[in-house]
A.B. asks: 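My questions will all concern the structure given below.
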Amino acid sequence: CILYKDSRNRLKMYYKGKVSELAVNEITDFVALDYLAVYSYAGIIYIVENGRVKTINTHSLNYIAEDSLVAFYDDVQSYLAAYYHGRIYYLEDGLVDYKPSSFRCGDNIIAYVSARTSDLMVFYQGGTYKLEPFVSEGSYKAGKDVVAYMNAADQKFKVFYRGETFVIEDFPPLSYKAGDGIVAYVDNTGR
């Protein structure tokens, strides 16, 4: 689909040759991705999937939308969740005093540090994986099918790829990026 605003600032969708009006409110946050379209208004997140609009959350100011999933934190009920393939997965709930500090997404994967246990977690293809206890000085980045991370506890550079974890380097890289099924990095010697 194509999402756009008309001359009266109404959000509209073009899908299979038809135009439909999605919202008359001033919508400033909307995006059409490969498999989903997402827009929000006043903390309400709407998903457009196969031409149908669904409300997935009504209390979220913090969310990330990617090609086939949306990760969001519900500010009222205090949970971190994911919308993936027509279903909502609750990743962590009961986070009243433990709001997640961050979560990162690739096209089909979510990486986050558990607010309660401080473990680095990955949501991938409907399942949740615990990678390891994570020290806050570490870093992580998500791409499609991949999460690259460096845990400050052991200084090793690791990659989670399609359900498996690999140690790539024994020393932290100078920089790194995660993309569609690939990780690129500059090692500690500058190569």
Side-chain angles (χ1 to χ4, degrees), residues 33-36 38 45 47 49 56-57 59-188:
L33 303 158
D34 287 350
Y35 302 103
L36 299 173
V38 182
I45 303 171
I47 299 284
E49 189 171 31
I56 63 163
N57 190 268
H59 305 101
S60 182
L61 300 174
N62 188 12
Y63 73 94
I64 300 173
E66 291 293 343
D67 284 345
S68 61
L69 60 74
V70 178
F72 59 93
Y73 177 75
D74 186 298
D75 290 325
V76 173
Q77 297 181 27
S78 302
Y79 64 79
L80 179 64
Y83 177 87
Y84 179 70
H85 285 256
R87 188 172 157 209
I88 294 178
Y89 295 84
Y90 295 93
L91 305 179
E92 280 198 85
D93 64 1
L95 300 176
V96 176
D97 292 324
Y98 302 98
K99 186 174 182 177
S101 58
S102 68
F103 49 94
R104 293 175 178 82
C105 298
D107 289 350
N108 62 351
I109 198 166
I110 302 168
Y112 63 98
V113 176
S114 169
R116 277 193 243 139
T117 65
S118 296
D119 293 329
L120 181 61
M121 306 292 290
V122 171
F123 173 80
Y124 178 65
Q125 294 187 340
T128 303
Y129 299 83
K130 174 185 168 186
L131 297 185
E132 60 186 66
F134 202 70
V135 177
S136 62
E137 292 81 28
S139 66
Y140 60 100
K141 297 178 182 180
K144 182 179 180 182
D145 297 320
V146 66
V147 173
Y149 63 99
M150 192 282 302
N151 192 347
D154 65 6
Q155 297 289 306
K156 294 183 179 185
F157 184 53
K158 300 174 187 172
V159 171
F160 172 89
Y161 180 68
R162 293 187 174 181
E164 294 184 60
T165 300
F166 303 93
V167 176
I168 304 300
E169 294 281 343
D170 287 330
F171 299 99
L174 296 176
S175 66
Y176 65 98
K177 303 270 186 194
D180 288 358
I182 192 168
V183 173
Y185 66 98
V186 177
D187 73 10
N188 67 314

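Small disclaimer: the values here were computed from a predicted structure and weren't measured.
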A.B. asks: Quick one: do E92 and Y112 satisfy side chain to side chain donor-acceptor pair (under 3.5 Å)? Show the steps, please.
C.D. replies: CA-CA 10 Å; E92 280 198 85; Y112 63 98; 4.8 Å; no
A.B. asks: So, for D74 and V76, which heavy atoms are closest and what is the spacing to 0.1 Å?
C.D. replies: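 Result for this residue pair: OD1-N, 2.9 Å.
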A.B. asks: Measure across N188 and P172 and return the closest heavy-atom pair with its distance rounded to 0.1 Å.
C.D. replies: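 That would be CB-O, 3.5 Å.
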A.B. asks: Using the rule given for side chain to side chain contact (heavy atoms under 4.5 Å, CB included), can you reason through Y63 versus N57, listing the C-alpha separation, both sets of side-chain angles and the distance that settles it, and then say yes or no?
C.D. replies: CA-CA 10 Å; Y63 73 94; N57 190 268; over 6 Å; no
A.B. asks: Between OH of Y140 and CG of L131, what distance do you get to the nearest 0.5 Å?
C.D. replies: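 It is 11.0 Å, given to the nearest 0.5 Å.
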A.B. asks: With a 4.5 Å cut-off on side-chain heavy atoms, are F103 and N62 touching?
C.D. replies: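 N62 vs F103: side chains touch.
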A.B. asks: Which atoms form the tightest heavy-atom contact between A142 and C105, and what is the distance?
C.D. replies: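 Shortest heavy-atom separation between A142 and C105 comes out as CB-C, 3.7 Å.
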A.B. asks: Taking all heavy atoms of Y176 and all of M150, pick out the closest pair and write down the distance.
C.D. replies: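 The pair with the smallest heavy-atom distance is OH-N, 4.2 Å.
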A.B. asks: About how many Å separate CD of E49 and NE2 of H85, when rounded to the nearest 0.5 Å?
C.D. replies: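 Spacing of NE2 (H85) from CD (E49) equals 8.0 Å.
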A.B. asks: Taking all non-hydrogen atoms of both residues, which atom of F72 and which atom of Y83 are closest, and how far apart?
C.D. replies: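 So the two residues come closest at CE2-N, 4.2 Å.
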A.B. asks: Before you tell me yes or no, could you show the steps for D145 and N108 under side chain to side chain donor-acceptor pair (under 3.5 Å), namely the whole-Å CA-CA distance, both residues' side-chain angles and the distance that decides it to 0.1 Å?
C.D. replies: CA-CA 6 Å; D145 297 320; N108 62 351; 2.7 Å; yes
A.B. asks: How long is the gap from CD1 on I88 to CD1 on I47, to the nearest 0.5 Å?
C.D. replies: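 Atom-to-atom, I88:CD1 and I47:CD1 are 8.5 Å apart.
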A.B. asks: Test your reading of the model: is there a side-chain donor-acceptor pair from S68 to the backbone of L36, 3.5 Å cut-off?
C.D. replies: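 Between the backbone of L36 and the side chain of S68 there is no qualifying donor-acceptor contact (under 3.5 Å).
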A.B. asks: Look up atom CZ in R104 and atom NZ in K141, then write down how far apart they are to the nearest 0.5 Å.
C.D. replies: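 Reported value, rounded in 0.5 Å steps: 8.5 Å.
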A.B. asks: How are the rings of Y89 and Y84 set relative to one another: parallel (under 30°), tilted (30 to 60°) or perpendicular (over 60°)?
C.D. replies: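 Y89 and Y84: tilted rings.
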A.B. asks: Keeping S60 on the side-chain end and Y73 on the backbone end, is there a donor-acceptor pair under 3.5 Å?
C.D. replies: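 At least one qualifying donor-acceptor pair exists.
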A.B. asks: Might you work through the side chain to side chain contact (heavy atoms under 4.5 Å, CB included) test for V183 and Y161, ending with a clear yes or no?
C.D. replies: CA-CA 10 Å; V183 173; Y161 180 68; over 6 Å; no
A.B. asks: Has Y35 got more than 12 heavy atoms of other residues, nucleotides or ligands less than 6.0 Å from its OH?
C.D. replies: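 Incorrect, the count does not exceed 12.
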A.B. asks: Looking at CG of D34 and CG of D107, how far apart are the two atoms once the value is rounded to the nearest 0.5 Å?
C.D. replies: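 D34 CG to D107 CG: 6.5 Å, rounded to 0.5 Å.
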A.B. asks: Check the angle between the aromatic planes of Y124 and Y129 and answer parallel, tilted or perpendicular using the 30° and 60° thresholds.
C.D. replies: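 Ring orientation of Y124 relative to Y129: tilted.
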A.B. asks: Just verifying a value: how many Å separate I45 CD1 and I56 CD1, rounded to the nearest 0.5 Å?
C.D. replies: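 These two atoms lie 5.0 Å from each other.
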A.B. asks: If you apply the rule side chain to side chain contact (heavy atoms under 4.5 Å, CB included), what do you find for T165 with Y149, and how did you get there?
C.D. replies: CA-CA 10 Å; T165 300; Y149 63 99; 3.3 Å; yes
A.B. asks: How close do N151 and P133 get, counting heavy atoms only, and between which atoms?
C.D. replies: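 For N151 and P133, the tightest heavy-atom pair comes out as ND2-O, 2.6 Å.
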